[in-house]
Amino acid sequence: QVQLVESGGGLVQAGGSLRLSCVFSGGTFGTCAMGWFRQAPGKEREFVAGISVIGHTTYNLDSAKGRFTISRDNAKDTVYLQMNSLKHEDTAVYYCAAYSAHSSSDYYTIPTRSHEYTDWGQGTQVTVSS
């Protein structure tokens, strides 16, 4: 059974940086696309960034453009989200999620909708003070 454990959240001042980590276990990380989502109080869960099995990336341009970078380390079964120039509106619980590729042709896939992901972490709180 796949387990995802996020870490790296916390309280940071506006303009600061955080790096979130998500450790994957219980499955084959190397054949999963990974995504980061966030959910602020009273708002729907929002796609932030995703990375395919082969390392292609995509971002929600509205929320992450030019400031966030997703990466993966297959040797450590870990996906990261580097967040720079943080803003108060980035305050949310951040979740990582896994999508298991069905075949090698699926290695380019980066789902952007939450229902496409099958496994989720428990979330890590990011609070940006203004």
Side-chain angles (χ1 to χ4, degrees):
Q1 183 177 357
V2 171
Q3 287 190 319
L4 302 173
V5 179
E6 301 99 333
S7 62
L11 174 64
V12 63
Q13 288 187 334
S17 298
L18 284 174
R19 188 176 80 155
L20 306 183
S21 301
C22 173
V23 178
F24 176 107
S25 63
T28 306
F29 181 74
T31 58
C32 288
M34 301 297 295
W36 284 99
F37 289 75
R38 69 185 185 186
Q39 189 166 18
K43 295 188 177 181
E44 293 187 353
R45 191 168 295 189
E46 172 187 41
F47 174 78
V48 176
I51 187 165
S52 73
V53 169
I54 60 172
H56 293 170
T57 60
T58 192
Y59 297 90
N60 179 337
L61 296 182
D62 287 342
S63 61
K65 182 179 181 180
R67 299 187 298 125
F68 294 180
T69 304
I70 187 171
S71 62
R72 64 189 298 157
D73 185 339
N74 286 351
K76 296 182 178 180
D77 289 353
T78 301
V79 62
Y80 303 98
L81 185 67
Q82 177 68 44
M83 304 187 295
N84 299 327
S85 302
L86 283 162
K87 306 174 183 179
H88 178 67
E89 50 264 42
D90 294 318
T91 295
V93 178
Y94 284 71
Y95 299 90
C96 73
Y99 166 88
S100 184
H102 303 297
S103 66
S104 58
S105 62
D106 215 11
Y107 286 179
Y108 297 85
T109 299
I110 307 175
T112 60
R113 296 172 292 181
S114 59
H115 74 267
E116 296 178 286
Y117 288 85
T118 54
D119 299 285
W120 292 81
Q122 82 289 347
T124 185
Q125 176 71 47
V126 171
T127 302
V128 184
S129 61
S130 55

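Scope of the values below: all heavy atoms of this structure, side chains included, with no hydrogens, waters or symmetry mates. On a predicted model such as this, the values are computed, not experimentally measured, just so you know.
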In sequence, state the C-alpha distance, the side-chain angles, and the governing distance for D90 and R38, and then conclude on side-chain contact (heavy atoms from CB on, under 4.5 Å). CA-CA 9 Å; D90 294 318; R38 69 185 185 186; 2.9 Å; yes
side-chain contact (heavy atoms from CB on, under 4.5 Å) between Y95 and Q39, worked out: CA-CA 8 Å; Y95 299 90; Q39 189 166 18; 4.2 Å; yes
Side chain of D77, backbone of F29: donor and acceptor closer than 3.5 Å? no
Distance col, row E89:CD vs K87:NZ, nearest 0.5 angstrom, shows 5.5 Å
Centroid separation under 6.0 Å, is that true for the rings of F37 and W120? yes
To the nearest 0.5 Å, what is the distance between OG1 (T31) and CD1 (I54)? 13.5 Å
With sequence neighbours left out, what residues match V12 under side-chain contact (heavy atoms from CB on, under 4.5 Å)? L18, L86, V128
Same hydrophobic cluster for V53 and I70, using side-chain heavy-atom links shorter than 4.5 Å among ILVMFWY? no
Spell out, as yes or no, whether a donor-acceptor pair under 3.5 Å connects the side chain of Q82 to the backbone of R19. no
E6 side chain to L20 main-chain N or O, any donor-acceptor pair under 3.5 Å? no
For residues V79 and V2: do they belong to one hydrophobic cluster (side chain heavy atoms under 4.5 Å, members Ile, Leu, Val, Met, Phe, Trp, Tyr)? yes
A92 versus A40, closest heavy-atom pair with distance: CB-N, 3.8 Å
State, with a plain yes or no, whether a side-chain heavy atom of C96 is found less than 4.5 Å away from one of F24. no
Looking at S63 and V48, what are the two nearest heavy atoms and their distance? OG-CA, 4.3 Å
Joint cluster assignment, Y117 & Y80, ILVMFWY side-chain distance < 4.5 Å: no
Neighbour count >12 (heavy atoms, 6.0 Å) for atom CD, Q125: yes
Take D106 and Y99 through the side-chain contact (heavy atoms from CB on, under 4.5 Å) test and state the conclusion after the steps. CA-CA 10 Å; D106 215 11; Y99 166 88; 2.6 Å; yes
Nearest 0.5 Å, what's the OG1-NE2 distance between T127 and H88? 9.0 Å
Hydrophobic cluster membership, M83 vs M34, 4.5 Å side-chain cutoff: yes
Is the positively charged end of R67 above the ring of Y59, judged by distance under 6.0 angstrom from the centroid and angle within 45° of the axis? no
Report the distance from atom CG of L11 to atom OG1 of T91, rounding to the nearest 0.5 Å. 8.5 Å
Does any N or O in the side chain of R72 come within less than 3.5 Å of the main-chain N or O of S52, such that one atom is a donor and the other an acceptor? yes
Transitive ILVMFWY side-chain link V23 to I51, under 4.5 Å: no
Strictly distance-based, threshold 3.5 Å: is any side-chain N or O of Q122 a donor or acceptor partner for the main-chain N or O of V5? no
Would you give the length of the straight line joining atom OH of Y107 to atom SG of C32, rounded to the nearest 0.5 angstrom? 10.0 Å
